[in-house]
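Heads up: the structure comes next, in structure tokens.
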Amino acid sequence: MRVLIDTCVLYPTVMREVVLGCAEQGLLEVRWSARILEEWARAARKIGPQGETLARGEIAAASARFPQAVVAYPQEKLRQFWLPDADDIHVLTAAVVGSCDAIMTVNNKDFPKDILAENDLVRLNPDVYLVDLYHQSPDKVMEVGQSVLSEAQRLSGEDWTMRVLMKKARLPRFGKALTFA
């Protein structure tokens with residue numbers, strides 16, 4: 001499945017690393033646009049002046065991991081679509097131009113299912129989708145989860161549990177599924 005990843009899934013770190021880890025395992029193809037990546041960098045400013053710099057490094061790393069992920073589209077293409085929040089039309093445009101099957105987002109109200117269906121797209125909630133991937137490929141997804149957990153423990157120096165880390169990352173169902181595997 002080819003999935004356009006919205007900014008709210010790329011930033012925060014844990015959610016992004018789980019989704020991208022599953023993509024590296026061949027469980028989905030990820031797509032994004034330059035504008036989505038720029039939104040990620042600007043959102044990281046919230047953590048302080050170093051946030052944007054750190055995000056730009058993470059963006060470069062993600063781009064190197066997934067060189068085929070960037071979807072480019074002409075600006076005039078934006079006028080062909082409508083969404084309740086005009087600031088999200090670029091996401092829909094990139095998904096259509098990128099021949100995606102879905103948009104992964106936590107912003108349900110901004111991406112109504114009926115509008116997405118008109119464009120042959122579905123909306124995926126990352127928590128629900130990751131649980132589905134786990135049921136389809138438990139070994140691969142568990143490997144991703146363990147890797148993300150280990151890296152979070154290493155970087156933070158904290159003794160995170162899978163369930164607590166994933167809940168903090170807005171992936172409570174996913175964390176519960178991996179905890180009771």
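None of the values given here were measured: they were computed from a predicted structure.
Note on Arg65 versus Glu24: salt bridge recorded, some NZ/NE/NH1/NH2 to OD/OE distance being below 4.0 Å. Here Glu52 does not pair with Lys46 in a salt bridge; the nearest charged N to carboxylate O distance is not below 4.0 Å.
With rounding to the nearest 0.5 angstrom, the CD1 atom of Ile59 is 11.0 Å from the CD1 atom of Ile36. Put simply, OG on Ser147 and CD on Glu151 are 7.0 Å apart, with the number rounded to the nearest 0.5 Å. We find the CG-OG1 distance between Leu178 and Thr161 to be 11.5 Å, quoted to the nearest 0.5 Å. Going from atom NZ of Lys176 over to atom CE of Met166 covers 16.0 Å, rounded to the nearest 0.5 Å. The line from OG1 of Thr53 to CD of Glu58 is 11.0 Å long, rounded to the nearest 0.5 Å. Here CG of Asn125 is found 9.5 Å from CZ of Arg170. Values are rounded to the nearest 0.5 Å.
With a 4.5 Å cut-off on side-chain heavy atoms, Met142 and Gln146 count as touching. Residues Lys168 and Val14 form no side-chain contact, since every pair of their non-hydrogen atoms from C-beta on lies 4.5 Å or further apart. Contact of the Phe111 side chain with the Val91 side chain is registered, since non-hydrogen atoms from C-beta on lie closer than 4.5 Å. The side-chain heavy atoms of Cys100 and Val3, taken from C-beta on, include no pair separated by under 4.5 Å. Residues Leu10 and Glu39 form no side-chain contact, since every pair of their non-hydrogen atoms from C-beta on lies 4.5 Å or further apart.
When all heavy atoms are compared, the tightest approach of Met15 to Cys8 is SD-O, 4.0 Å. The minimum heavy-atom distance linking Asp159 with Gln153 is given by the pair OD1-NE2, 3.7 Å. Across every non-hydrogen atom of Ala152 and Ser156, the tightest pair is O-OG, 2.7 Å. Nearest heavy-atom pair across Leu121 and Ile103 is CD1-CD1, 4.2 Å. Across Phe66 and Ala23, no two heavy atoms sit closer than the pair CE2-CB, 3.7 Å. Heavy atoms only, all atoms of each residue included: Ala94 and Leu4 are closest at CB-CD2, 3.8 Å.
Both Leu92 and Met1 belong to a common hydrophobic cluster when Ile, Leu, Val, Met, Phe, Trp and Tyr are linked at side-chain heavy-atom distances under 4.5 angstrom. Note on Leu54: it does not cluster hydrophobically with Val148, by side-chain heavy-atom contacts below 4.5 Å among ILVMFWY residues. In terms of hydrophobic clustering, with Ile, Leu, Val, Met, Phe, Trp and Tyr side chains grouped at heavy-atom distances under 4.5 Å, Leu165 and Ile47 are assigned to a common cluster.
Of the possible donor and acceptor atoms, none in the side chain of Ser137 sits under 3.5 Å from a partner among the backbone N and O of Lys140.
Applying the side-chain contact (heavy atoms from CB on, under 4.5 Å) test between Tyr129 and each of Val122, Leu124, Val19 identifies Leu124 as the sole match. The side-chain contact (heavy atoms from CB on, under 4.5 Å) test with Arg123 is passed by exactly one of Asn107, Asp6, Thr105: Thr105. Test Val141, Asp139, Val144, Leu27 against Tyr134 for side-chain contact (heavy atoms from CB on, under 4.5 Å) and you get one pass: Val141.
More than 12 heavy-atom neighbours from other residues, nucleotides or ligands sit within 6.0 angstrom of CZ on Arg56.
Counting only residues at least two apart or on different chains, the side-chain hydrogen bond (donor to acceptor under 3.5 Å, both in side chains) pairs with a member in residues 27-36 are Arg2-Glu29, Glu29-Arg31.
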Please tabulate, for the side chains in residues 68-89, all donor-acceptor contacts under 3.5 angstrom to protein atoms that are two or more places apart in sequence or on a different chain.
from: Lys77; atom 1: NZ; to: Gln80; atom 2: OE1; distance (Å): 3.0
from: Asp85; atom 1: OD1; to: Asp87; atom 2: N; distance (Å): 2.9

